[in-house]
Each structure stands twice: as structure tokens, then as C-alpha cells.
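Starting from 1, each residue takes its place in the sequence as its number. If you're wondering where the values come from, they're calculated on a predicted model, not measured in any experiment.
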Amino acid sequence: MTNRWKSIGLAALLAGLALSASYAEAAGVLTIGRREDSTTFDPIKTAQNIDNWVFSNVYDVLIRVDKTGTKLEPGLAESWTASDDGLTYTFKIRNAKFSDGSPLTAEDAAYSLLRIRDDPASLWSDSYKVIDTAAATDAHTLTIKLKNPSAPFLSTLALPNASVISKAGMEALGADAYAEKPVASGAFTVEEWRRGDRIILKKNPNFWQADRVKLDGVEWISVPDDNTRMLNVQAGELDAAIFVPFSRVEELKKDTNLNVDIDSSTREDHLLINHAHGALAKKEVRQALDLAIDKKAIVDAVTFRQGTVANSYIPKGALYYFADNLQRPYDPEKAKEMLVAAGASDLTLNYLIRAGDEVDEQTAVLVQQQLQKAGITANLQKVDPSQEWDMTVAGDYDISVNYWTNDILDPDQKTTFVLGHDSNNNYMTNYKNEAVKELVAKARLELDPKKRQEMYVDLQKMAKDDVNWIDLYYSPYINVSRKNIENFHQNPLGRFFLEDTVKN
């Protein structure tokens, strides 16, 4: 899942400075501070962490990723079988209800999957076009037939955006109303959404695991300023906060009233390169850029050594990660020589930055200084977070730092988005390599794990040779909570298991 920011507005800032009295004063209601507000509760219409991390506890999926972030486990589908040819899957849907008390059936599951595949507004349709048919054989039996065998198929069913929604609810309310206050299939319901301020969730008594849920409710509160958000937790005005600045970790650890949770993640920060802009179309120029950036210095200065230098678009510890992938050394003199040979000795780049993001701004200054040593001029363009993403999508940049966290266990999703040509111009880079594109498609179909691993090793090597983007660093999730909060954690894919969180 990528970093996609939205405008916050004055209301959110005021909320961060003086948190208003609210439902959160009730016992058993967890208050969590975050930078920005959600954008939608319609799962198929977003690809943002700020949405998925909230509605992962409002919706449930057929198959879940476990707390370790390493294996699949039953969700709304209590069991499943696959035919010998890998084309037909049969799922047994457990006895469950939606938040309005109506039964959750195989028909709702089929409707949800066909909607993510076919709806023109779906951002995820490509991942589900492998589905030929999805139909309810009876109320508790879902049969899915694929167009061809697909190695990542079961993993894609655990994607939060493939959550099971109510067919009747969607048809009665309409997509816009459902996106504001949905019929829930998960642990919590949406009680109220105060745009720019907070989302108020209440325990869903009809959730099939309602006995597991200890909290009465959750409030996700927008506090865009990092330092204000940390002060709110220290003052007891928030129970917890996410996106702890690297610079505050050691200080917060010394506060005896707080827990600083450092959880394994699949986050990778990288420098996007727009291959469609001038000299950046040349591989040699992009390789020179890679040589001109000192990743270790960025890790030390910006992440306070919480991060580790990245050498692949597949994050360390994830499926098929290639530990021995090329990691170019920091060599500004060689970079300068390569630029001269490529006819780009006077290279000037527009570096797009999210204004107000401490880490983004610090990284930009370091990268600018490092590039200068190789004779490259980087003009820093700070823009409001609400503009930054739109400009990136429009290709109105030369270079820009972004991050990605995996949404599923299988590497196919990220590989398709960043190397496979067909998704947002390869994640806004305009990178194109027909051999890579062909291998991405083949890896999706290969069912032999050993052969498939070899394909992904080759893809990592090819991406690094081409410099589709510049891998910077991997880093953990860092969150803070009051001492009276237990089990406030994320798995490596980012999911919060708030159904297990306790407020004492």
C-alpha cells in the first residue's frame, strides 16, 4: 500500500491542539492519533493505508493474513478446497451476520468479488480479472472458477479491498452513502465520521467473533503535526498514536507512562524516477543517480538507525526476497563520469516533496547535497500533501520519495504495480521493459515454488539493473501507546488487530 496523502484542513489541526470531549471519554474506547483523515469506506475505491488500516476492522475478508504476517488463515471462509487443475475453488462460508443483523451469505461474497473485478471505479480490477465466475451454490457455499491457474489467487482474497460487503446494503444505500457509513462485516461499525476530525467506531455486536472484541469502540483522530500528536499521547489526551517520528523514539522510550511498539513491517522507502522526462529515460543516467545517493547516510541521519538500507523492491523478509541483490556503492565520482558519457553532465531535476513531512524534508536535503557532489542540481519543490499525490500521478515531477507497504503475502501485487506496465504507468515512473513485463505475467502463472522463486530473483536483478526506482531503506512500524493499553500492534502488512486490543 502506498503513501497517499490528502488535505487535512483546519479542523484537524484544531483537533490535534485541543482534543474535544467526546464518546472517547467512555471506558473501553480507544483513541488513536494519526496524521490524516480517511477518504472512503468503499473498499474498491482506495489504495491508501489511511483507509485500509481503519476498515480492516470494519470489514472482514474471506481469508485473513495472520498476526505474524507470514501465512493465511480462515476468515469469513472457514474452509476451502481447490480442484486438481487449480481452476475451481470452493469456499465454505461460516454462519455470520452483517452489523444490521442480516445474514452474510455466499451471495454477498460473490457480489463483492465481482464488484472489485468489474466496477469501473475499482482500483484493483486487474488483480481480479483472473476470476471467470463467482457464484453462490447455496447460502454457505461459494464457487469461484478461474480463467487460468494463479499462484497468488488465495493471497488476493486477503486484500482489505476485497472485503465482503452487503449486497442488499449497497443496493439500498447506493455507493456514495455506503462509502460514508457502511454495513459492517467486521469487529466495529462506523458510528460517525466527522470529516477532517475523527472517525468514531463502535463494537459490532453481530460480528461473528464479537466475544473476542474487548473494546467498546475506537476513535481514529486526525492530528497532522507529528510533535503535537506525540504530546497528546504523553499528556493522556490520546491513548495511542501511529507514525512516531524516528527522532522521537528514544525520548518516548524514557517516558514511564508509555509503550513504544516497534513492529516488523513490509515498508520500503524509495526514490521514484520519472523515466518519461528527458535524460532520465537513459538507464545509464538512472544508474548514475543510484551511485550518487548514499543510502547508509540517509538511514543514519533520517531514521536514527531504525531503518536498514534496501537493495530490492521486495522488502526484506517478504516472500522471494533476494538478499544478494545488487547494492550499488556510493560513488559520486563514478556517477559524474557516467553522466558525462551519457551526455547529461548538466542534469537538473525537479524534486517533489511533501511539505511538513519531517522525514521527507530531511531526506530531500540530504539527497540534494549528495547529488550535487555528482554535478546534479536538484531543485526542491515543496507542495501541500493534498497536491503531492495528484502531481505524482500526473507525472509532474522528476524525482520524489515515496513508500510502499505490502497488502498481500504474495509479491505479485507489488511486482505488477511497479514493473508490469499496466498499473498507473508502473507506479507513476513510466518504466517500461517488455522482457520484465513478460516475466511478471509468467511468474503469476507458475505454480512450482522453486521455479517461481527463480523468476522473482531474476525480476529483482532486472529491476535493479534498469533502476526502475532507487531503493532507499526498509523500516519498522513505530507506534506509541499509554501503559494501560495492551495488544496494540500491527502485523507486517500493516493490519491493526484492534479486536484484541485492551484498554485497562
**Request:** Check each of Lys295, His270, Lys464 against Asp471 using the side chain to side chain donor-acceptor pair (under 3.5 Å) test, and report the only one that passes.
**Result:** Lys464
**Message:** For the residue pair Asp360 / Tyr403, report whether a side-chain donor-acceptor contact shorter than 3.5 Å exists.
**Reply:** no
**Prompt:** Can you check side-chain hydrogen bond (donor to acceptor under 3.5 Å, both in side chains) on Thr46 and Asp51, steps first, answer last?
**Reply:** CA-CA 7 Å; Thr46 182; Asp51 295 317; 2.5 Å; yes
**Donor-acceptor contact present, side-chain Ser38 to main-chain Thr40, <3.5 Å** = no
**Close side-chain approach of Lys442 to Glu446, heavy-atom, < 4.5 Å** = no
**Asked** Any donor-acceptor pair under 3.5 Å linking the side chain of Ser122 with the backbone of Ile116?
**Response** yes
**Request:** Indicate the atoms forming the closest heavy-atom contact of Tyr321 with Ser312, along with that distance.
**Result:** CE1-CB, 4.1 Å
**Request:** Output, in order, the C-alpha distance, side-chain angles, deciding distance and verdict of side-chain contact (heavy atoms from CB on, under 4.5 Å) for Met230 and Val233.
**Result:** CA-CA 5 Å; Met230 298 306 109; Val233 181; 5.6 Å; no
**Item:** Donor + acceptor pair across side chains of Asp500, Asn487 (<3.5 Å)
**Value:** no
**Prompt:** What pair of heavy atoms forms the shortest contact from Leu157 to Ala162, and how long is it?
**Reply:** O-CB, 4.4 Å
**Request:** Examine the side chains of Thr392 and Ser400 and answer whether a donor and an acceptor come within less than 3.5 Å of each other.
**Result:** no
**Message:** Could you check whether Phe496 and Trp220 have their ring centres less than 6.0 Å apart?
**Reply:** yes
**Message:** Regarding Trp469 and Asn402, do their side chains bring together a donor and an acceptor under 3.5 Å, going by distance alone?
**Reply:** no
**Request:** Would you please name every residue forming a ring-ring contact (aromatic ring centres under 6.0 Å, His included) with Tyr397, sequence neighbours left out?
**Result:** none
**Message:** Could you check whether any side-chain N or O of Thr141 sits under 3.5 Å from a backbone N or O of Thr137, counting only pairs where one atom can act as donor and the other as acceptor?
**Reply:** no
**Request:** Indicate whether the side chain of Asn430 and that of Asn274 have a donor and an acceptor atom separated by less than 3.5 Å.
**Result:** yes
**Prompt:** Is Arg305 salt-bridged to Asp300, going by a charged N under 4.0 Å from an acidic O?
**Reply:** yes
**Item:** Any Leu146 side-chain heavy atom under 4.5 Å of Ile131 side chain
**Value:** yes
**Residues Arg444 and Thr416: side-chain donor-acceptor under 3.5 angstrom** = yes
**Request:** Start with the C-alpha gap between Asn311 and Tyr473, add the side-chain angles, then the distance that decides, and say whether side-chain hydrogen bond (donor to acceptor under 3.5 Å, both in side chains) holds.
**Result:** CA-CA 8 Å; Asn311 66 332; Tyr473 59 87; over 6 Å; no
**Message:** Do the side chains of Glu250 and Lys253 get close enough for a salt bridge, i.e. N-O under 4.0 angstrom?
**Reply:** yes
**Item:** Nearest non-hydrogen partners of Met455 and Leu439, listed with the distance
**Value:** O-CD2, 3.7 Å
**Item:** Tyr474: ring-ring contact (aromatic ring centres under 6.0 Å, His included) partners, not counting sequence neighbours
**Value:** none
**Prompt:** Do side-chain atoms of Arg117 reach the backbone of Asp132 as a donor and acceptor pair under 3.5 angstrom?
**Reply:** yes
**Sub-4.5 Å side-chain heavy-atom contact between Val65 and Ile408** = no
**Request:** Could you check if a side-chain atom of Ser79 sits within less than 4.5 angstrom of a side-chain atom of Lys92, using non-hydrogen atoms only?
**Result:** yes
**Request:** Go through the steps to decide whether Tyr431 and Asp466 satisfy the test side-chain hydrogen bond (donor to acceptor under 3.5 Å, both in side chains), and finish with yes or no.
**Result:** CA-CA 9 Å; Tyr431 167 63; Asp466 284 341; 2.5 Å; yes
**Item:** Candidate list Val54, Ile165, Val183, Val164, test side-chain contact (heavy atoms from CB on, under 4.5 Å), partner Tyr59, passing option
**Value:** Ile165
**Request:** Let me see the working for Leu159 and Tyr128 under side-chain contact (heavy atoms from CB on, under 4.5 Å), right down to the final yes or no.
**Result:** CA-CA 11 Å; Leu159 181 73; Tyr128 297 87; 3.2 Å; yes
**Request:** State, without any angle test, whether Ser127 and Gln413 hold a side-chain donor-acceptor pair at a distance under 3.5 Å.
**Result:** no
**Message:** Taking NZ in Lys147 as the centre, count heavy atoms belonging to other residues, nucleotides or ligands within less than 6.0 Å. Is the count above 12?
**Reply:** yes
**Item:** Aromatic ring proximity Tyr89/Phe153, centre distance under 6.0 Å
**Value:** yes
**Asked** Just wondering, do Glu219 and Leu201 contact through their side chains at under 4.5 Å, heavy atoms?
**Response** no
**Request:** Assess the side chains of Ser475 and Gln306: does a donor N or O sit below 3.5 Å from an acceptor N or O?
**Result:** no
**Asked** Can you check whether Lys167's main-chain N or O pairs, donor with acceptor, with Arg115's side chain at less than 3.5 Å?
**Response** no
**Asked** Do Arg495 and Trp53 meet the cation-pi criteria used here (NZ or CZ under 6.0 Å from the six-membered ring centre, within 45° of the axis)?
**Response** no
**NZ/NE/NH1/NH2 to OD/OE distance under 4.0 Å, Asp37 and Arg34** = yes
**Asked** Is Arg354 reaching over with its side chain to a backbone N or O of Glu388, donor-acceptor style, under 3.5 angstrom?
**Response** no
**Request:** Step by step, work out the side-chain contact (heavy atoms from CB on, under 4.5 Å) result for Val213 and Phe207.
**Result:** CA-CA 9 Å; Val213 182; Phe207 179 47; 4.0 Å; yes
**Shortest non-hydrogen contact from Asn479 toward Asp263** = ND2-OD2, 4.5 Å
**Prompt:** Is it true that a side-chain atom of Asn425 and a backbone atom of Met428 form a donor plus acceptor pair closer than 3.5 Å?
**Reply:** no
**Request:** Determine, step by step, whether Val436 and Asn468 satisfy the side-chain contact (heavy atoms from CB on, under 4.5 Å) criterion, reporting the C-alpha distance in whole Å, the side-chain angles of both residues, the deciding distance to 0.1 Å, and the verdict.
**Result:** CA-CA 11 Å; Val436 168; Asn468 68 300; over 6 Å; no
**Message:** Under a 3.5 Å cutoff, is there a donor and acceptor pairing between the side chains of Asp66 and Thr68?
**Reply:** yes
**Request:** Report yes or no: do Thr31 and Asp239 form a side-chain donor-acceptor pair below 3.5 Å?
**Result:** yes
**Message:** Less than 4.5 Å apart, side chain to side chain, heavy atoms only: is that true for Ile478 and Asp261?
**Reply:** no
**Asked** So Tyr456 and Tyr320, would you call those rings parallel, tilted or perpendicular, with 30° and 60° as cut-offs?
**Response** parallel
**Item:** Asn406 and Thr266: side chain donor to acceptor below 3.5 Å
**Value:** no
**Message:** Pairing donors with acceptors under 3.5 angstrom, does anything connect the side chains of Asn426 and Thr429?
**Reply:** no
**Request:** With the side chain counted from C-beta on, respond yes when Ile144 and Thr90 share a heavy-atom pair under 4.5 Å apart, and no when they do not.
**Result:** no
**Prompt:** Of all heavy-atom pairs between Asp60 and Ser185, which one has the smallest distance, and what is that distance?
**Reply:** N-OG, 2.9 Å
**Item:** Arg452 (side chain) donor-acceptor with Leu447 (main chain) under 3.5 angstrom
**Value:** no
**Request:** Check whether NZ of the Lys or CZ of the Arg Lys67 lies under 6.0 Å from the centre of the six-membered ring of Phe497 and within 45 degrees of that ring's axis.
**Result:** yes
**Asked** Is there side-chain contact between Ile273 and Val467, with at least one heavy-atom pair below 4.5 Å?
**Response** yes
**Asked** Does a side-chain N-to-carboxylate-O contact under 4.0 Å join Lys283 and Asp465?
**Response** yes
**Request:** Search all heavy atoms of Ala158 against all heavy atoms of Leu72 and return the closest pair with its distance.
**Result:** CB-CD2, 4.1 Å
**Message:** Using ring centroids (six-membered ring only for Trp), state whether Phe417 and Trp124 fall under 6.0 Å.
**Reply:** yes
**Prompt:** Would a line drawn from the ring center of Trp193 to the ring center of Phe41 be shorter than 6.0 Å?
**Reply:** yes
